[in-house]
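Proteins come first, then strands; the chains are lettered A, B, ... in the order of their sequence lines, and each starts at number 1. Below, all heavy atoms of this structure are taken into account, side chains as well, without hydrogens, waters or symmetry copies.
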Amino acid sequence: MTGEKEEFIPVEQGKVKMYVCGITAYDVCHLGHARSAIVFDIIRRYLKYRGYDVTMVKNITDIDDKIIKRANEENVSTEEIARRYTEEYYRDMERLGVERADIEPKATEHINEMIEMIKGLIDRGYAYTVDGDVYFEVGKFPEYGKLSKKNTDELMAGARVEVDEKKRSPLDFALWKSSKEGEPSWDSLWGPGRPGWHIECSAMSMKYLGEGFDIHGGGADLIFPHHENEIAQSEAYTGKTFVRYWIHNGFITVDKEKMSKSLGNFFTIKEILDRYDPEVVRYFLLTTHYRSPIEFSDRQLNEAEASIDRYYSTMMRINDFIKTQDTKERLVGAEGLEGMLSSFKEKFLDAMDDDFNTALALGHIFELIREINRFLDSRPSGQKAREYLIRAKDLLSEVGGVLNILNRTPEQWYRSLMRVKGVAISEEELQRRIAERQEARKAKDWETADRIRRELDEMGIILEDKRDGTTWRVRVG
RNA sequence: GGCGGCGUACCCAAGUGGCUAAGGGAGAGGUCUGCAAAACCUUUAUCCGCCGGUUCGAAUCCGGCCGCCGCCUCCA
């Protein structure tokens, strides 16, 4: 609300109640929706990791003008449209690895709560009825604009909305819309109609989280008017502070412009996931702070892929090393790793505690990765060395679990890459060729060995000869 | 027009008063290797859009300018 970072103090100690604006089920989701979903998924995971008992509510708007429009275009019911795109949404989220919220209420299942609230607003003099419509009277709520830092005079002056004659002021917004012939409707004290968009979030968040709760999130484009309206109607209704902390994620841009439905410059989640592993998308979104805009491009995704690959290559080295049986203790220059191991966790927490600075947290992860590689390059051996690496691995998987990235095995990663990149060779065949090449190498038949390596390279497989065998990777980038 | 945000190396990006300006990608040189690849080392911002100011000290605070973007209408 202040527009600045603040210390987080929840309403109830140890508990966090958060509400995130979900989707309107009228079309398939694009990458922008993915960002919001992933950002708040990570915030929730982190708060849980920090020991809070988190309750997250994310709504689904299953009735509104866009849905009605779409239903009319396709000559099907609004329920059909909402059901279809809700299913699509869940499919996308599952593929992206976004966990479901604790409660995912639908607007149409909370009409009574909304009617109750609208009634209360009319009773308290904040809303008025005109021909079956109900409007919130913004002029009655002096604090209007406090979130978006707009003042009502300027809004009036700059209003470029076609003035609805029924409204007392152009700023007033609909709480209830009377329905036209053939539109879905619910009975109310004001006649048949449907709720306005803003009222659902207020009614549902209060129902599940209470009249004042901790965190309310959504895309930055919801600040005005949606969240401003939510504050007005909720605080007018309860007389209490609606939300303590507002969190808004930045946009995804394409050529610097906001990715949006109306500009048509969007990529659907499905399109992206046909070409990239979901982890690449998640990683990519975490490389930039959640509030900043993030420029989408294949180049960026390829870089994200390369970074993840670097991580898993190191993980493979760790795993190989942990399997060694050597008892001869050899540790030279382990100080770097040792120091990193003891400071890593704190650095990670500091980064995340500072407004969920995932980009910085990733930086720390890769510093540790470099230190691990440096250590492994020093040719250590023995139990002590193994213990260091086990500790490193545990730390990495702990934070990887929180960020929901870098938490698979290298094998899973490479298999997935083979699929995504369409590498045309089976693992069995690949192993056979590697064995074949090993024979050639043993016989110092470099020509054959190089030929096999080149052939595999053309298929997108890179071979790496190590001391005790050859490993393969899928080429990325 | 009003309000808000951003401008850090070749690219992406963290850093919002003071140790050597994180990290990733890309490039160059080196170590290792049969040759590679990977990894590691060195290297690529005496400087953080420009100009002024505050301060012992600023990328970081203040003012002005330039450029880009967002919101003000549905939008994650």
Side-chain angles (χ1 to χ4, degrees), chain A residues 3 5 20-24 26-27 29-40 64-66 69 145 148-151 153-155 157-162 197 217-226 228 248-253 256-263 266 283-284 287-289 291-295 297 299-300 302-311 313-314 316-317 347 351 354 357-379 441 444-446 449-450 453-454 457 462-467 470-473 475 477:
Chain A
K5 289 183 200 173
V20 179
C21 288
I23 55 146
T24 298
Y26 77 105
D27 204 348
C29 293
H30 61 71
L31 207 55
H33 300 95
R35 183 176 195 191
S36 185
I38 286 168
V39 161
F40 290 103
D64 98 329
D65 295 351
K66 293 194 291 294
K69 182 163 171 267
S148 55
K149 313 234 176 337
K150 296 178 188 299
N151 77 55
D153 296 343
E154 279 158 359
L155 280 170
R160 50 185 165 105
V161 205
E162 69 290 5
W197 176 40
D221 45 6
L222 298 181
I223 295 171
F224 190 90
H226 184 54
E228 201 66 71
H248 293 99
N249 63 276
F251 303 124
I252 292 187
T253 58
K256 294 265 187 181
E257 280 188 319
K258 177 184 172 186
M259 180 183 286
S260 74
K261 208 70 116 215
S262 41
L263 285 170
F266 61 89
Y283 182 94
F284 162 66
T287 54
T288 300
H289 187 90
R291 269 188 279 109
S292 307
I294 183 167
E295 172 76 9
S297 69
R299 181 177 177 161
Q300 299 278 67
N302 287 334
E303 285 185 8
E305 196 174 69
S307 298
I308 297 170
D309 198 61
R310 174 170 158 76
Y311 177 92
S313 300
T314 302
M316 197 151 70
R317 291 187 79 187
K347 286 190 191 168
D354 185 12
N357 194 337
T358 53
L360 181 58
L362 289 175
H364 295 322
I365 289 175
F366 281 95
E367 279 178 339
L368 177 55
I369 289 292
R370 188 180 58 219
E371 214 51 66
I372 291 167
N373 279 315
R374 197 182 280 163
F375 179 68
L376 284 166
D377 279 357
S378 73
R379 305 213 163 285
R441 290 184 71 217
K444 299 218 188 298
D445 178 1
W446 306 126
D450 290 351
R453 186 168 60 194
R454 199 177 337 110
D457 183 71
I462 294 169
L463 296 187
E464 292 178 13
D465 297 330
K466 310 243 172 98
R467 189 144 286 205
T470 296
T471 58
W472 60 274
R473 303 187 302 117
R475 187 173 49 228

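- Nucleic acid contact for A:G145: none, since no nucleic acid atom lies under 4.0 Å from a heavy atom of the residue.
- B:U8 and B:U16 have their C1' atoms separated by 13 Å, with the value rounded to a whole Å.
- Among the nucleotides B:A76, B:C74, B:A13, the one closest to the side chain of A:T288 is B:A13.
- Heavy-atom distances to RNA chain B give each of A:G218 and A:R317 a nearest nucleotide, and the one nearer the 5′ end belongs to A:R317.
- Judged by Watson-Crick or G-U wobble contacts below 3.5 Å, the nucleotide B:G4 has B:C69 as its partner.
- B:G63 is paired with B:C51 under the Watson-Crick or G-U wobble criterion, all donor-acceptor distances under 3.5 Å.
- Counting non-hydrogen atoms under 4.0 angstrom, A:N373 reaches the backbone sugars and phosphates but no base.
- Nearer to the 5' terminus of RNA chain B, by closest-nucleotide assignment, is the contact made by A:D377 (compared with the other of A:F224 and A:D377).
- Every residue was checked against the ring-ring contact (aromatic ring centres under 6.0 Å, His included) condition with A:H289, not counting sequence neighbours, and none meets it.
- Among the heavy atoms of the strands lying under 4.0 Å from A:I462 are primed sugar atoms or P, OP1, OP2 only; no base atom is included.
- Relative to the six-membered ring of A:Y26, A:K69 misses at least one condition, a distance below 6.0 Å or an angle of at most 45° to the axis.
- Within 3.5 Å, a donor on the side chain of A:K258 pairs with an acceptor on the base of B:C75, or the reverse.
- Following rounding to the nearest Å, A:I372 (CD1) and B:A39 (P) show an atom-to-atom distance of 13 Å.
- Counting non-hydrogen atoms under 4.0 angstrom, A:G32 reaches a base of the nucleic acid.
- Using a 4.0 Å cut-off between charged nitrogen and carboxylate oxygen, A:K66 and A:D27 do not count as a salt-bridge pair.
- Counting only distance, with no hydrogens or angles, the side chain of A:E295 and the backbone of A:I252 share no donor-acceptor pair below 3.5 Å.
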Summary of protein contacts for nucleotides 21-35 of chain B, nucleotide by nucleotide, where a base hit scores B, a sugar-phosphate-only hit scores S (4.0 Å, heavy atoms): -BSBS--------BB
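- Nucleotide B:A38: unpaired (no Watson-Crick or G-U wobble partner with both distances less than 3.5 Å).
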Test log, rule salt bridge (charged side-chain N to carboxylate O under 4.0 Å, His left out), inputs A:R370 and A:E367: CA-CA 5 Å; A:R370 188 180 58 219; A:E367 279 178 339; 5.4 Å; no
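- Atom-to-atom, CG of A:D221 to C1' of B:G4 comes out at 14 Å; the value is rounded to the nearest Å.
- Taking atom P on both B:C10 and B:C50, the two are 13 Å apart, rounded to the nearest angstrom.
- Looking at heavy atoms from C-beta onward, A:E228 lies out of side-chain contact with A:K150 at the 4.5 angstrom threshold.
- As rounded to whole Å, 14 Å separates atom C1' of B:C3 from atom CG of A:D153.
- In this pair, A:Y311 and A:F366 present their aromatic rings perpendicular. The plane angle is above 60°, beyond the 30 to 60° band.
- Counting only heavy atoms from C-beta on, A:R374 has its side chain closest to B:C40 among B:C3, B:C40, B:A13.
- B:A26 sits 41 Å from B:G63 when the P atoms are compared, rounded to a whole Å.
- Using C1' as the reference atom, B:C61 and B:U54 are 8 Å apart when rounded to the nearest Å.
- Residue A:I252 is in base contact, counting any heavy-atom pair closer than 4.0 Å across all strands shown.
- The side chain of A:K66 lies closest to B:C74 when the candidates are B:C74, B:G2, B:A76.
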